[in-house]
Novice: 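Quick one: structure below, then a few questions.
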Protein chains: 4
Amino acid sequence: MTIQGTGTARPAGRPRSEKAERAIIEATLDLIAEGMGVSELSIEAIASRAGVGKTTIYRRWSNKEDLVVDALATLKAPLPPLAGVSVREDLITLLDAMRADSGNRRGRCVMNIAMSEADRHPRLTERFVERAVEPRRRALREVLERGVATGELRPDLDVTLAMAILSGTMMWQSKWGPGDLPEDLAERVVDMVLAGMAPPAA
Amino acid sequence: MTIQGTGTARPAGRPRSEKAERAIIEATLDLIAEGMGVSELSIEAIASRAGVGKTTIYRRWSNKEDLVVDALATLKAPLPPLAGVSVREDLITLLDAMRADSGNRRGRCVMNIAMSEADRHPRLTERFVERAVEPRRRALREVLERGVATGELRPDLDVTLAMAILSGTMMWQSKWGPGDLPEDLAERVVDMVLAGMAPPAA
Amino acid sequence: MTIQGTGTARPAGRPRSEKAERAIIEATLDLIAEGMGVSELSIEAIASRAGVGKTTIYRRWSNKEDLVVDALATLKAPLPPLAGVSVREDLITLLDAMRADSGNRRGRCVMNIAMSEADRHPRLTERFVERAVEPRRRALREVLERGVATGELRPDLDVTLAMAILSGTMMWQSKWGPGDLPEDLAERVVDMVLAGMAPPAA
Amino acid sequence: MTIQGTGTARPAGRPRSEKAERAIIEATLDLIAEGMGVSELSIEAIASRAGVGKTTIYRRWSNKEDLVVDALATLKAPLPPLAGVSVREDLITLLDAMRADSGNRRGRCVMNIAMSEADRHPRLTERFVERAVEPRRRALREVLERGVATGELRPDLDVTLAMAILSGTMMWQSKWGPGDLPEDLAERVVDMVLAGMAPPAA
DNA sequence: TGCTAAGCGAGACGGTACGTCGAGTCTTGTC
DNA sequence: GACAAGACTCGACGTACCGTCTCGCTTAGCA
């Protein structure tokens, strides 16, 4: 009505409280980390733990999924910087980051949510893949393709399949493996798998 | 007094209906296959779809977890018979069974449930692992150890790690790979991975 | 089929157990006396307290009402014998029987049931009135009419109204009056009411 | 902090809806009038008929009794004004109000409930007596005592007993008498009973 | 003495209502 | 106009009985 629009129009009235927003996200992650799935998670519990009214949540996110996606997104560690020297080292760096991500309670829950709610909440999965999975996938692909180019890996390598092997192994380990993954896990995986990816004679 | 006890004494009263039991399991699996997680799943819906009173469900299973475990357990395909000739062939057979298991809607849901509810419902996971995961793990281990013994695989092979690579790759593919997994997937995985497991010189 | 009907045909098979029947009635009355209404009363509770299967109850009574009617019917004290000398004495006798009937836990409950379930369970009421109320009403009417005939009561007495006054007063007392009705209550009521029923001059 | 407290501080949050409250009471009375006792009465039915969630009922009344008491309390007609001229006229006025109260479906049900649930739901009875019975009892007592004072009634009258006679007669009639009580019933009762209460000689 | 038919206790069956909890929405007064 | 508080309708929870239905066993008279 009286928005004169000097650039980004500041809406009338009291601005939204960033403190509330942070409290909501934190409460959500806490509850997820305490073992709740998207469905066990109760908006009422989040509101209560965050010291916030339910309205304040629904004003920002129209449903649980959206809130969960945003909460999980704040959690993923940034991609580690790659040395770019050898393929082996870069792979170990990447896989080790995955191991670390799954090493703590929260990270493990992120994976659970991501993997389990796939069929149930397609939009959640879609957004999660876009934000968290794709960047890692892209980095992995780049390293492998570089390896093929530099001759560190065999020229006929099925890069997609190789990605599946590397990622899948790490995920499987963090899911079904021993509670605390050994520190040199990434190294050992890369070494074993690389053997099948190395050029025939070398 | 007049219990003659020919082995297991039949308890007094009307015996439980096997038909009802089957209907409940079927309804549960149907609903899971339609995309419901353990939490979205409503006992009321199961009862209604099975044409059964809620009491009849609660009489047998005291909570949702127990029911879901029993339902999932009826679902897993039996282990495929192994030819036992070459390690490569047996591995392909095993991995292909995993691919098939995950190829249909129900199988995929089984995995989702199993993987997602792990932290949330520890008893569910425990029982599921015991019934479904362990037998497959054991078979895989046997094949690999046989390969080491016969010299088809390198003598210093880390069998546990190899198992993780094989299983993880298949799981990852069925989770994040294309909708319909290619028929020769198992073969390609085995071939690539075997390269790193074969004896050094041969 | 082979009933030859020598008088009352004994049906084939095991005869019904009188012990069970008595136990059921007793259990029913116990539970009513413990403050349950026709609706709070649960067949399951009756069966359990009587040490009897539910079938055994339903075989005899097709619904709760019928059972309750039969149970209550066993409870009413028989009408007291009337001296037949003076109207005043006979009235006191009758009213005192009503007082005694309502003086104990069970009797009071009978009245509660009878009065409360009237609109709800018309058939119950109907049968209860027929068995328990009518005989008393008839006795009262006879005494009053005899009084009119003998001149002990005024000739233009509205007998029906007089009955209502006498009965109603007793019922009201047993319902809203003090817990233990005074022993001479009937006498005092009759005396006060008779004053209005006596012949004008006398 | 900022509660200025102009008398009774309004509690935080959305205030309770009076409309819902009225709808619940109305639905309750409707169902009672349709012949349901306290026990047949289902909260679910009340909620559904009132177009209200069950929670909204349980938020206000913690059990059926409390709801029923409140519902019945809204029903009782206010005490009729008394002319205060003659005892006879005032008694007729009071008794006629009782007759009218019991003349309609709802009123009759009120009495049924009140009388039947006495032993079963002591708190219900207690509160009902306090709200509905006591005021009438008090009015009746005052008229009778005035009559004794003015000499319209005999000086040695047992007022309590007289009250029982008058009230009991009316209740008995409305319970066991003909469906539609005659219009002059109160008059006739008072006249007959007064005869026994009038001063000896006059 | 053994057969047949009904009664018996136990208890499972498909249902209905209970009283509780949380979802997502709406409605207050305050900031 | 955002905020906390909390009432709103709705629907699932797990429990208790309903009245019906098997079960295997008992109890009688008739053969």
Novice: Below the 4.0 Å mark, does E:dA6 have OP1 or OP2 next to a side-chain nitrogen or oxygen of C:R16?
Specialist: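 The answer is no; no side-chain N or O of C:R16 sits under 4.0 Å from OP1 or OP2.
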
Novice: Which whole-number value in Å describes the distance from C:I43 CD1 to E:dA10 C1'?
Specialist: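 The distance from CD1 of C:I43 to C1' of E:dA10 comes to 17 Å, rounded to the nearest Å.
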
Novice: If you assign C:A50 and B:P15 each to the DNA chain E nucleotide with the nearest heavy atom, which residue ends up on the more 5' nucleotide?
Specialist: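 This one resolves to C:A50.
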
Novice: Choose from E:dG24, F:dT9, F:dA2 the nucleotide whose nearest atom is closest to any side-chain atom of A:K64.
Specialist: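 Of all the options, the side chain of A:K64 is nearest to E:dG24.
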
Novice: By the 4.0 Å heavy-atom rule, please label C:T55 as base, sugar-phosphate, or nothing.
Specialist: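 Result for C:T55 = base.
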
Novice: Would you please name every residue forming a salt bridge (charged side-chain N to carboxylate O under 4.0 Å, His left out) with D:R49, sequence neighbours left out?
Specialist: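 Salt bridge (charged side-chain N to carboxylate O under 4.0 Å, His left out) list for D:R49, sorted by chain: D:D30, D:E34.
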
Novice: Please tell me which of B:A20 and C:G53 maps to the more 5' nucleotide of DNA chain E, matching each residue to the nucleotide holding its nearest heavy atom.
Specialist: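 The answer here is C:G53.
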
Novice: B:N63 has an atom CG; how far is it from atom P of F:dT15, in whole Å?
Specialist: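 Distance check: B:N63 CG to F:dT15 P gives 10 Å.
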
Novice: Can you name the one residue among A:D66, A:T28, A:D70 that meets side-chain hydrogen bond (donor to acceptor under 3.5 Å, both in side chains) with A:W61?
Specialist: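 With A:W61 as partner, side-chain hydrogen bond (donor to acceptor under 3.5 Å, both in side chains) holds for just one option, A:D70.
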
Novice: E:dC18, F:dC3, E:dA12: which one has an atom nearest the side-chain heavy atoms of D:S42?
Specialist: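 The answer is E:dC18, which lies nearest to the side chain.
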
Novice: To the nearest Å, give me how far apart OH (A:Y58) and P (F:dG6) are.
Specialist: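 Going from A:Y58 (OH) to F:dG6 (P), I get 18 Å.
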
Novice: Could you state the CZ-P distance from A:R49 to E:dG22, rounded to the nearest angstrom?
Specialist: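 Going from A:R49 (CZ) to E:dG22 (P), I get 14 Å.
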
Novice: Between the base of E:dG14 and the side chain of B:K54, is there a donor-acceptor distance below 3.5 Å?
Specialist: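 Not at all, since no donor on one side and acceptor on the other fall under 3.5 Å apart.
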
Novice: So which nucleotide from F:dC3, F:dA5, E:dG19 ends up closest to the side chain of D:A12?
Specialist: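 The answer is F:dA5, which lies nearest to the side chain.
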
Novice: Show me, pair by pair, the donor-acceptor contacts under 3.5 angstrom made by side chains of residues 12-25 of chain B, not counting sequence neighbours?
Specialist:
| unit_1 | atom_1 | unit_2 | atom_2 | d |
| --- | --- | --- | --- | --- |
| B:S17 | OG | B:K19 | N | 3.2 |
| B:S17 | OG | B:A20 | N | 2.9 |
| B:E21 | OE1 | B:R60 | NH1 | 2.4 |

Novice: Which part of the nucleic acid, if any, lies within contact of D:T56, taking any heavy atom under 4.0 Å across all strands shown: a base, the sugar-phosphate backbone alone, or nothing?
Specialist: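 Base contact - D:T56 has a heavy atom under 4.0 Å of at least one base atom.
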
Novice: Looking across every strand, which nucleic acid part, if any, lies under 4.0 Å from C:L41 by heavy atom: base, sugar-phosphate, or nothing?
Specialist: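 If one applies the 4.0 Å heavy-atom cut-off, C:L41 turns out to touch the sugar-phosphate alone, with no base involved.
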
Novice: Tell me: CD of B:E40 to C1' of E:dG22, nearest whole Å?
Specialist: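 Rounding to the nearest Å, CD of B:E40 and C1' of E:dG22 are 14 Å apart.
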
Novice: How close or far is atom C1' of E:dT16 from atom CD of C:E44, stated in whole angstroms?
Specialist: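 Value for this atom pair: 14 Å.
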
Novice: Can you tell me which nucleotide in F:dA12, F:dG19, E:dT27 comes closest to the side chain of D:R14?
Specialist: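 Out of F:dA12, F:dG19, E:dT27, the nucleotide with an atom closest to D:R14's side chain is E:dT27.
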
